[in-house]
Each structure stands twice: as structure tokens, then as C-alpha cells.
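What follows is a single structure, written as C-alpha cells, with notes after it.
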Number of protein chains: 2
Amino acid sequence: MSQQVQQTDSAGALALVAAQDRFIAVWGQMGSTWGVSRTMAEVHALLFIVGEPMCTDDVMERLAISRGNASMSLRALVDWGILARVHKRGDRKEYFQAEGDPWVILRAVVAERMKREMHPVLAGLAEIRDATEPGRAGGGAVDAAQAGRIASHNERLESMIEVLGLLSGLGEKLLGMPTEQLRLAAGALGAGLGGGGGRL
Amino acid sequence: MSQQVQQTDSAGALALVAAQDRFIAVWGQMGSTWGVSRTMAEVHALLFIVGEPMCTDDVMERLAISRGNASMSLRALVDWGILARVHKRGDRKEYFQAEGDPWVILRAVVAERMKREMHPVLAGLAEIRDATEPGRAGGGAVDAAQAGRIASHNERLESMIEVLGLLSGLGEKLLGMPTEQLRLAAGALGAGLGGGGGRL
DNA sequence: AAGTGTTTTCAGAATATTTTGAAAGAATAC
DNA sequence: GTATTCTTTCAAAATATTCTGAAAACACTT
């Protein structure tokens, strides 16, 4: 089972486990930020901070969660592409190893949210626009006030689509960038642009 | 009460209300994206797409929600800074008007999530780092393997802090940019930087 | 001051999400 | 083939979140 803290209950091991637990707790809180349950975030945190592969039983024991929960969380994280299944010779158990590059993790999270949230919303808004384009609206007789409302409705809809489309474009761009480029871009933008006053 | 669709049940009014309802439904789905309940997102969607001020009773009726729910959602949206309280002469009721600029809305959402999620996480991670900086760890006797684990733990922690710090910097920058600059920057970045795709 | 219309609050109800645990399903060993 | 070990599934239980509605608080008016 747990080979993490062996007989060596040295001060070093204790401090390390304590730090890991703190990391897990903090990361778990962030679960809602990237749209997953606290437990799933904690499982990821554990594997990320430990760095070495762990099996289902290790995870269950360390986080005090059920087998079913561990299995589902691990599977989901594999699906997200931030956990790899690994095997050890002479061991029938399956082990899981976390992706170590935070930029890869970031991309996975962005990809997932784009797919699950951004794309459906953009598609939905586009449909509404098509259904209410000027000239449609089911025919003729609308008074002036009504016509004004419709025009302004379309403007608001359009402006929202514009912003979301731009954001979506940014997201796609991010997904297409390799880690090194990403780090450079983020650093340059965050530090260089704007500065409170900011020029483009 | 509802002055939205008067006696004029013309085709135009019907189509407009239908489009509004669809917008509200789509926007409501996105609630989890920006970290609020579906109802709060729907209340915002309603006021945004209608464009004109509405009072609590209007909102309750249109969305079929309770007074308490409407009151709390409206209040929260005012706190977020994307709804303004307005008054009508000769009317004791309070009306609410949505911010019309989607970029302002975006900034409000980013600001809220930075405050509620990014800052606490960064603070938590920084604390953990301080508690486990090399030389600490409670003193001496750690064997070589343990020392290696601690070193690699610190590296992983550091790399995660680096990425989140960079993202946080980006967020702050965004919050400091006026609408026009934001639009330009997003457009330029989404279309220009990097390679691959980028189409809406 | 009491009266009237409006808004806020919050305990309990309703709803939704997450977790468990045991049974069924795979996969490998014998 | 059966036995053994590990993994997945999913209905029910536990938990967390959201919503309601009626009472309290508030803000005007007379």
C-alpha cells in the first residue's frame, strides 16, 4: 500500500506530508474555479504534488474517500488528459501519474470549459440571432415603439455575441500554443501591457 | 406591473418575448461559468436583454420566482456592479437597470472571481511555500531520498505559483483596461498571435 | 403617531450534487 | 476452465445548494 511515509517518521517526512495536505486543501477549494467537484480537484492535487504514480488504494487511503469516488475521479482526470495511467512490473494494479507542467493543466482546463460552456452558449446565441434577424419577426404590423425595441434587442444580442466570440478566439489561440510560447506571452502581457495606464 | 407586452399582442411582440426567453435560458446555463446560480444569471439575462429598467415584481412574474429569490439575486447583481438601481417619478418602487456594455460585465465577473478564488489560492500557496522553504522542514536528519522528494515538491509548488501568478497578473491588467482598449486587445490577440484556427 | 406600500431576511422545504458501498465486470494467473 | 485481483458502475444515502414565503424591517405619507 502506501509507500510514501515508511518507517522513517523523520521530521522531514512529517513536514512534507503536512505541506502536501495543505496544498491539497488549497487546490480543492479551487475546484469550482475550473468546474469540478472538490474531491476531483483534491485527487488531482494529491497526484500533482506527490509527483510519483499512485494507485487507487493509495488515493483512497490518503484522502479518506470511497473506492467508487476515487475510481470516478481518477477516470475523469485521465479523460481530461492531466493524469496518465502507468503500470509497474510485477504489479497488477494500475497507477496514475499527474501531468507535471502547469501550463498543460491550464490548457486542459480551458479546453474542457470551452467545450462544455463557451461553445454551447455561442451556438445558442447565434441561433437566437438567426431567428430574430431584421425582416423576420413573423411579418409586418409592428408599431414604431415595438420596432425600436426589436432593433435595440438585436444590438444588445449582437454586442454580447461579439464579446464572447472574441473571448472564444482567445481561448482557441491559447489552446494552440505550446508551453514555452504561452509562458512568454503571459509574462509579456501581464507585465508589459497597460501598467494601469496601458497602451496596446 | 408588466408594461412589457401591453394589449398589443402583435406578432412582433410575441417574437420579441420568445427571443428574450431563449436568451435568458442560454445565459442561465452559463451561470456556472461565472460562478453564480442559474437564477441569478437568468435575472441578469432578463434585465440585460430587455434593456429597460424593471422592478422586483416584473422580474418575479417574468421568471416565475419568489420574492425572496428575486430580491437576493437583484441585490447580488447590484453588488457585482452590473445592475443599477433607478427610480421613476411618482413611483415608490425600485427599478433595476442592467449595464449595457458586455465588456463592463466581463470585467465585473473577472473581478469577482479574482477576489473570491484567485487571490485566496495564491495566498494559500505562498504560505505553504514559506513553510517549506529549503532549510526549514523542522531541522536536520533527512536521508537522500527524502531530500530529493522535498526538492521536487518545492519545484512543483513553485511552478504552479508561477503560472497562477502570471494569470493573476493578466487578470489585474484586464481589470485596469477601459472598454475600447479591451476590445482592441482581444481582437488583435485572438486574430493575430500564434498559429492555428482562430475562426469563430 | 399610525398607516401603507416596498424591500430584506432567514428558517425550513425543495432541489441538485456528490459520495458511498456493494455487486457486476474485466483482466490476469493458475 | 476456475480462482484471484483489480476496476467500474450505479442505486441509494449523505451532503450542499438554492428557493420559498411569511415575518420583520424599512421608508415614506398623511
Side-chain angles (χ1 to χ4, degrees), chain A residues 1-2 24-25 27-47 53-80 83-97 116-117, chain B residues 1-2 24-25 27-47 53-80 83-97 116-117:
Chain A
M1 303 285 154
S2 176
I24 291 164
W27 203 242
Q29 282 201 297
M30 222 179 60
S32 65
T33 302
W34 37 299
V36 303
S37 73
R38 189 178 50 74
T39 297
M40 189 169 149
E42 285 182 349
V43 170
H44 176 249
L46 171 61
L47 284 159
M54 297 178 79
C55 69
T56 305
D57 291 273
D58 293 337
V59 173
M60 286 169 60
E61 190 183 316
R62 180 69 181 270
L63 299 181
I65 61 176
S66 71
R67 182 171 304 282
N69 200 3
S71 174
M72 285 179 135
S73 297
L74 288 167
R75 138 82 90 119
L77 290 165
V78 169
D79 287 347
W80 278 46
L83 243 53
R85 296 178 194 270
V86 303
H87 294 276
K88 296 195 174 181
R89 273 176 295 115
D91 192 338
R92 281 169 63 176
K93 280 205 275 295
E94 200 158 26
Y95 286 72
F96 298 88
Q97 165 138 248
R116 292 198 318 197
E117 286 158 351
Chain B
M1 305 295 150
S2 177
I24 291 165
W27 203 242
Q29 280 202 299
M30 222 179 59
S32 65
T33 302
W34 38 298
V36 303
S37 73
R38 189 178 51 73
T39 297
M40 189 170 148
E42 286 182 350
V43 170
H44 175 249
L46 171 61
L47 284 159
M54 297 177 79
C55 69
T56 305
D57 292 273
D58 294 336
V59 172
M60 287 169 59
E61 189 184 317
R62 179 69 181 268
L63 298 181
I65 61 177
S66 71
R67 182 171 303 283
N69 200 3
S71 174
M72 285 181 137
S73 297
L74 288 167
R75 140 83 91 116
L77 289 165
V78 170
D79 287 347
W80 279 45
L83 242 53
R85 296 178 193 270
V86 303
H87 293 276
K88 297 195 173 179
R89 272 176 298 117
D91 191 338
R92 280 168 63 175
K93 280 205 274 295
E94 198 157 30
Y95 286 72
F96 297 89
Q97 165 138 250
R116 294 199 318 197
E117 285 158 351

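Sequence lines set the chain letters: A, B, ... in the order given, protein chains first and strands last, and positions in each chain run from 1. Just the heavy atoms: all of them, side chains too, but no hydrogens, waters or symmetry mates, feed the values below.
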Quickly work out the [X] [atom1] to [N] [atom2] distance and round it to whole Å.
X     : N      : atom1 : atom2 : result
A/D91 : D/dT7  : CG    : C1'   : 14 Å
A/L74 : D/dT7  : CG    : P     : 9 Å
B/D57 : C/dG5  : CG    : P     : 13 Å
A/R75 : C/dA26 : CZ    : P     : 12 Å
B/H87 : C/dG5  : NE2   : C1'   : 15 Å
B/L63 : D/dT20 : CG    : C1'   : 15 Å
B/D58 : C/dT7  : CG    : C1'   : 15 Å
A/K93 : D/dT8  : NZ    : C1'   : 17 Å

- Query: To the nearest 0.5 Å, what is the distance between NZ (A/K88) and SG (A/C55)?
  - Reply: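 Answer rounded to 0.5 Å: 8.0 Å.
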- Query: A/T56 side chain: which of C/dT7, C/dT9, D/dT7 is closest?
  - Reply: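 Within the option list, the nearest is D/dT7.
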- Mark up nucleotides 15-21 of chain C, 5' to 3', with B wherever a protein heavy atom is under 4.0 angstrom from a base atom, S wherever such an atom reaches only the sugar-phosphate, and - elsewhere. ---SSBB
- Does A/D79 pair with A/R75 as a salt bridge, N-O distance under 4.0 Å?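 Result for this pair is yes, salt bridge flagged.
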- Item | Heavy-atom check, side chain of A/Q97 versus side chain of A/L47, under 4.5 Å |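 No; the side chains remain at least 4.5 Å from each other.
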- Message: I'd like to check the side-chain contact (heavy atoms from CB on, under 4.5 Å) partners of B/T56; sequence neighbours left out, ordered by chain and number.
- Response: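 So B/T56 forms a side-chain contact (heavy atoms from CB on, under 4.5 Å) with B/M60, B/R67, B/A70, B/L74, B/F96.
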- Partner of B/V43 by side chain to side chain contact (heavy atoms under 4.5 Å, CB included), out of B/V36, B/I24, B/L63: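 Of all the options given, the one that passes is B/L63.
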- Message: Treating A/R116 as the side-chain partner and A/G35 as the backbone partner, does any N or O pair qualify as donor plus acceptor under 3.5 Å?
- Response: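 Yes, A/R116 side chain to A/G35 backbone: donor-acceptor pair under 3.5 Å.
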- Message: Should the side chain of B/R92 and the base of C/dT6 be counted as holding a donor-acceptor pair, with the cut-off at 3.5 Å?
- Response: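 Counting by modelled atom types and ignoring angles, no donor-acceptor contact under 3.5 Å is found here.
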